[in-house]
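To start, the structure under review is shown below, and the notes come after it.
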Amino acid sequence: MRHIISLLLENESGALSRVSGLFSARGYNIESLTVAPTDDPSLSRMTIVTSGSEEIIEQITKQLNKLIDVVRLIDLTPYRHIEREMMMVKVKVAESGDREEAKRLTDIFRGSIIDVSQETYVIELTGHGSKLDSFLEALQGFPVMEVVRSGVMGIARGEVALHL
Amino acid sequence: MSETSAKPTAITGAEIFVRCLQEEGVEVVFGYPGGAVLHIYDALYRQDKVSHILVRHEQGAVHAAEGYAKSSNQCGVALVTSGPGATNAVTGIADAYMDSVPLVVFTGQVPTNLIGNDAFQEVDTVGITRPCVKHNFLVKDVNDLATTIKKAFYVATTGRPGPVVVDIPKDVTAQTAVFEYPKQIRMRSYNPTTRGHGGQIRKALDLILSAQKPMLYTGGGIILGQASDALTEFTRRLGYPITNTLMGLGGFPASDPLFLGMLGMHGTYEANMAMHYADVVIAIGARFDDRVTGNIEKFCPYAKIVHIDVDPASISKNVKVDVPIVGQVEPVLREMLRELESMNREPDAEDLAAWWRQIEEWRAKDCLKFDRASPIIKPQLVVQKLWELTGGDAIVTSDVGQHQMWAAQFYRFDKPNRWINSGGLGTMGVGLPFAMGAQFANPDATVACITGEASIQMCIQELSTCLQYQLPIKIVNLNNRYLGMVRQWQEFFYQGRYAMSYMDALPDFVKLAESYGHVGMRIEQPGDVEGALREALAMKDRLVFLDFITDQSENVYPMIPAGAGQNEMILV
């Protein structure tokens, strides 16, 4: 089953490689991994999307908790939570009809065009991974030059929070 | 910082390093000098509180520090240089990691301005050691040095112990700072559990007391957690049968009738059968290694399992546990004893008597029998004689292979910290440096290294260290001219195709020992075994290398073949 695990870790060099090394060394699956500093500059927040049986997920959380750099951890899966991913797509829009169609699709998906050149648009889109997938599907008529996705971030709804 | 006020008390990083070791009460450091650590060696030279032992290879330094730690419950300390010094230390670090040995390993590093430049003797030590340390640090600022060292000792010795690497660039050891050693360390991300959960403890006791066929399965955590006395009291209070893992030997007195011997791949028939048919298994400080469980599908099929361990990640890692208790084994066992007292409830005497009758039947198989009338020396005989002559009180180290299993089976340990070996990683070559470390920690003890002709050659250069420091170790070489355990597996599972298991071109170990300035003896007749051991043990002031020419075809029995269940043992 797919799990989304968020953790706070010491914002120190080597912390990221300890986490990714744990996954490779123990043969755990890692679907996506997103990390950035938080409002507290000594802490980074990481979101890991992984999958496995309940036993494997239990081991993953235990092993992550065992890392000295990991300060707090939460498996968001059982909680009501929000997931977001960001995507930037560069499409070729040489014809004027294409430009209009691309603009229309972007509006429908509540994205925005953030770069325009003679023949290209860069479209920015934020949302659940499945929404980003749908947008790429909708763009199938266009020559897509480049896609960049951020990996998943997650946060629990309501009172549940991951903090010190 | 004003130029006048701080300067008088500022000292170099190298001096800070030494002061930190002194603050930690470190008496012995095992190491090998090199370019990146020369400032440190100079600072060590100019003091006399911390003694430095010069080994002949960095692997030997780390294993010696392990032997020191395992035989004394102190933290072991090793010091090596950058690059090859650090890479040579990795095997020892990995060994310590697998067996949870409290260890701090200091590695030199190239100056900070050269890090990442492929400088001479540069290696990414933090990167290389990451998967086999409890934690590691790179110190980039001399002002962080003391705090980092304090953290390193704290992390290495608390919770589930393990090796911590501190990588120190050369310039950091030359720069100066005011020395201040923190009294205490608080790390927000590291708070090991000590006491077990009260509710879980009562739940466990309920299950334990209702058992009809109980079995205690205890491991190296008993030794590391200094819980031998509490375990002995607990076991005798209940009158339950008990087994130790390879790492746990000595955690419970082997001479006690409640002790069924070691379990696992080469464990006794009675221990493995009792595990297989038990209805409640109480696992304490043991981690269900595959050498213990055999085929996990067939492991303890009838049992509910209680597991006490300081490391939550060890619980339900390999085997699903019914009642987990996270905590240090000693306080948990003490708490259980107190609870037992207040509960005023006893195990069912009739059930327990019936269980013991069954166990005695298994025990009557006498699974460790061997041919005592053999005209060729049987390795088991050598170990048994060593046990008899040392009264079971020697510190015994072993290497890895058949001799290790015979040592575990035939030397009966009544006390903890007497049996020092590499259980998790299974590192050939550890025996001699382990013995060195144990001898430094216990100068008056009889230290014996049970080894084989293949294992001993993996760190044999340390014979030179033994001479330099006059270590009176007794090396018991069970020489069968084969990689014995490899040969045994090839005999069983590869139709006797002995690929590369034969040791051709062996040295003359007697002359080799003599060339290092030690005493060498070759023993070829069973009748000479006891006399030779007596003679060697009487030589209290020098190392004796006993080369026993043993039966080449002898195998370790019983054996559970890989993939089989604990009730599917091969007996002799």
Side-chain angles (χ1 to χ4, degrees), chain A residues 1 3 5-30 33 35 37-46 48 50 52-75 161-164, chain B residues 94 97-98 100 112 115-116 124-141 144 148 151-152 154-156 158-167 185-193 287-288 296 307 309-321 324 326:
Chain A
M1 189 189 153
H3 279 251
I5 297 166
S6 279
L7 42 108
L8 292 174
L9 75 166
E10 298 287 356
N11 188 9
E12 276 172 15
S13 72
L16 171 62
S17 62
R18 276 184 233 280
V19 172
S20 59
L22 171 71
F23 275 78
S24 62
R26 294 191 180 265
Y28 301 142
N29 180 44
I30 195 160
L33 188 155
V35 60
T38 63
D39 56 322
D40 176 346
S42 72
L43 282 176
S44 291
R45 175 147 175 161
M46 183 183 274
I48 300 167
T50 181
S53 64
E54 287 311 304
E55 288 78 31
I56 288 174
I57 299 298
E58 186 185 330
Q59 262 306 302
I60 289 176
T61 52
K62 280 177 171 177
Q63 294 291 348
L64 283 170
N65 259 321
K66 212 169 131 177
L67 292 179
I68 307 281
D69 293 322
V70 173
V71 186
R72 286 268 193 288
L73 178 151
I74 187 173
D75 183 349
L162 177 64
H163 59 82
L164 288 194
Chain B
Y97 183 61
M98 291 291 278
S100 311
T112 42
I115 289 179
D124 173 11
T125 302
V126 165
I128 283 181
T129 58
R130 188 180 303 120
C132 56
V133 290
K134 185 169 174 188
H135 197 58
N136 58 17
F137 300 93
L138 168 64
V139 185
K140 283 190 183 149
D141 185 337
D144 298 336
T148 307
K151 278 185 188 171
Y154 172 60
V155 171
T158 52
R160 179 178 177 177
V164 175
V165 166
V166 183
D167 199 27
I185 282 289
R186 270 205 62 235
M187 293 168 76
R188 60 181 174 183
S189 57
Y190 177 70
N191 297 295
T193 314
R287 62 187 177 88
F288 297 87
I296 216 99
H307 190 184
D309 205 294
V310 73
D311 175 16
S314 280
I315 291 176
S316 291
K317 180 174 63 186
N318 302 330
V319 168
K320 191 81 195 138
V321 169
V326 178

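Order of the sequence lines fixes the chain letters, A, B, ..., with proteins taken first and strands second; residue numbering starts at 1 for each chain. Atoms considered below: every heavy atom in the structure, side chains included; atoms not considered: hydrogens, waters and symmetry mates. All values derive from a computational prediction rather than experimental measurement.
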Whether S189(B) side chain and V70(A) backbone form a donor-acceptor pair below 3.5 Å:
no
Contact between R188(B) and E10(A) at the side-chain level, heavy atoms closer than 4.5 Å - yes or no?
yes
Specify the closest pair of heavy atoms between [X] and [Y], including all atoms of both residues, with the distance to one decimal.
| X | Y | value |
| --- | --- | --- |
| Q59(A) | I315(B) | NE2-O, 4.1 Å |
| G14(A) | R130(B) | O-NE, 4.3 Å |
| A313(B) | K66(A) | CB-CD, 3.8 Å |
| S316(B) | K62(A) | CB-NZ, 4.3 Å |

Who among V126(B), N136(B), L138(B) has the most heavy-atom pairs with chain A under 4.5 Å?
N136(B)
Between NZ on residue K320(B) and CD on residue E55(A), distance to nearest 0.5 Å
6.0 Å
Go through L9(A), L67(A), L43(A) and name the one with the most non-hydrogen pairs under 4.5 angstrom from chain B.
L43(A)
Whatever's closer than 4.5 Å to a heavy atom in chain B on E58(A) counts as side chain
I56(A), part contacting chain B, at a heavy-atom distance under 4.5 Å:
neither
